[in-house]
Amino acid sequence: MQEQRIDETETPAAAPVRPRRVSAAVLAEEPRNSGSEGGFAAYAQEAGAVELGELLEAAAAYMSFVEGRDHFSRPQLMNKVRGVDGTEFNREDGLRSFGQLLREGKIERADNGRFTASGQIGFQPGNRAAG
């Protein structure tokens with residue numbers, strides 16, 4: 001089986017490692033402007049968002065208006081809320097609250113599992129609740 005033989009003399013020299021190219025789609029996932037000091041947790045606290053539905057709504061507003069995202073996915077929204085200290089919820093509660101936001105028209109379907117904040121969404125930077 002010559003085709004499986006490895007000759008020590010024919011081993012090519014190790015090529016230098018080159019950085020990989022990052023696609024525009026990956027860059028679009030990164031927030032353009034992370035916004036205020038303290039990130040989303042500070043934003044949610046200042047906005048007065050406490051309950052899961054409020055936190056999800058605030059996260060959608062934060063990603064749309066503070067980070068400047070045109071679209072976001074449901075997992076991105078859930079992970080943003082999970083990042084807040086002391087916030088624990090199960091998948092079912094998260095899906096239920098997310099569906100409620102869709103039914104109320106506060107978030108809208110865009111395309112391919114992506115969503116966008118509608119004009120009816122609360123917790124916009126200019127409309128923060130007193131807390």
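Treat the numbers as computed from the prediction; the structure is a model and nothing was measured. Only heavy atoms go into these numbers, but all of them, side chains included; no hydrogens, no water, no symmetry mates.
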Report task. Flag yes if more than 12 heavy atoms outside Asn112 fall under 6.0 Å of its CG atom; otherwise flag no. Result -> no

Query raised in the report: Counting distance only, does the side-chain N/O of Ser118 pair as donor-acceptor with the main-chain N or O of Gly105 below 3.5 Å?
Result: yes

Requested in this report: Can you see which heavy atom on Lys106 is nearest to which on Ile121, and at what distance?
Outcome: O-CB, 3.5 Å

**Report entry** Geometric cation-pi criterion, Arg82 with Phe89: 6.0 Å, 45°
**Finding:** yes

Query raised in the report: Is Asp93 paired with Arg96 through a side-chain N to carboxylate O contact shorter than 4.0 Å?
Result: yes

Query raised in the report: Between the main-chain N or O of His71 and the side-chain N or O of Thr116, is there a donor-acceptor pair closer than 3.5 Å?
Result: no

Query raised in the report: Under 3.5 Å, side chain of Glu46 to main-chain N/O of Ala42, donor-acceptor pair present?
Result: no

Query raised in the report: Less than 4.5 Å apart, any side-chain heavy atom of Phe115 and any of Leu102?
Result: yes

Query raised in the report: If we only count heavy atoms from C-beta on, is the Glu67 to Phe40 side-chain gap below 4.5 Å?
Result: no

Requested in this report: Mind checking the CD-CZ spacing from Gln76 to Arg69? Nearest 0.5 Å is all I need.
Outcome: 4.5 Å

Requested in this report: Compare all side-chain heavy atoms of Ser73 with those of Arg114 and state whether any distance is below 4.5 angstrom.
Outcome: yes

Query raised in the report: Checking Tyr43 side chain against Phe123 main chain: does a donor-acceptor pair fall under 3.5 Å?
Result: yes

Report summary line: In short, Ala60 meets Leu77 closest at the heavy-atom pair N-CD1, 3.3 Å

Report task. Mind checking the CZ-CG spacing from Arg109 to Asp111? Nearest 0.5 Å is all I need. Result -> 11.5 Å

Report task. Apply the side-chain contact (heavy atoms from CB on, under 4.5 Å) test between Ser97 and each candidate in Leu55, Val81, Leu56; give the one that qualifies. Result -> Leu56

Query - Interatomic spacing from CG in Leu101 to CD in Gln120 - rounded to 0.5 Å - result: 11.5 Å

Requested in this report: Starting at CD1 of Ile107, measure out to CZ of Phe98 and round the result to the nearest 0.5 Å.
Outcome: 3.5 Å

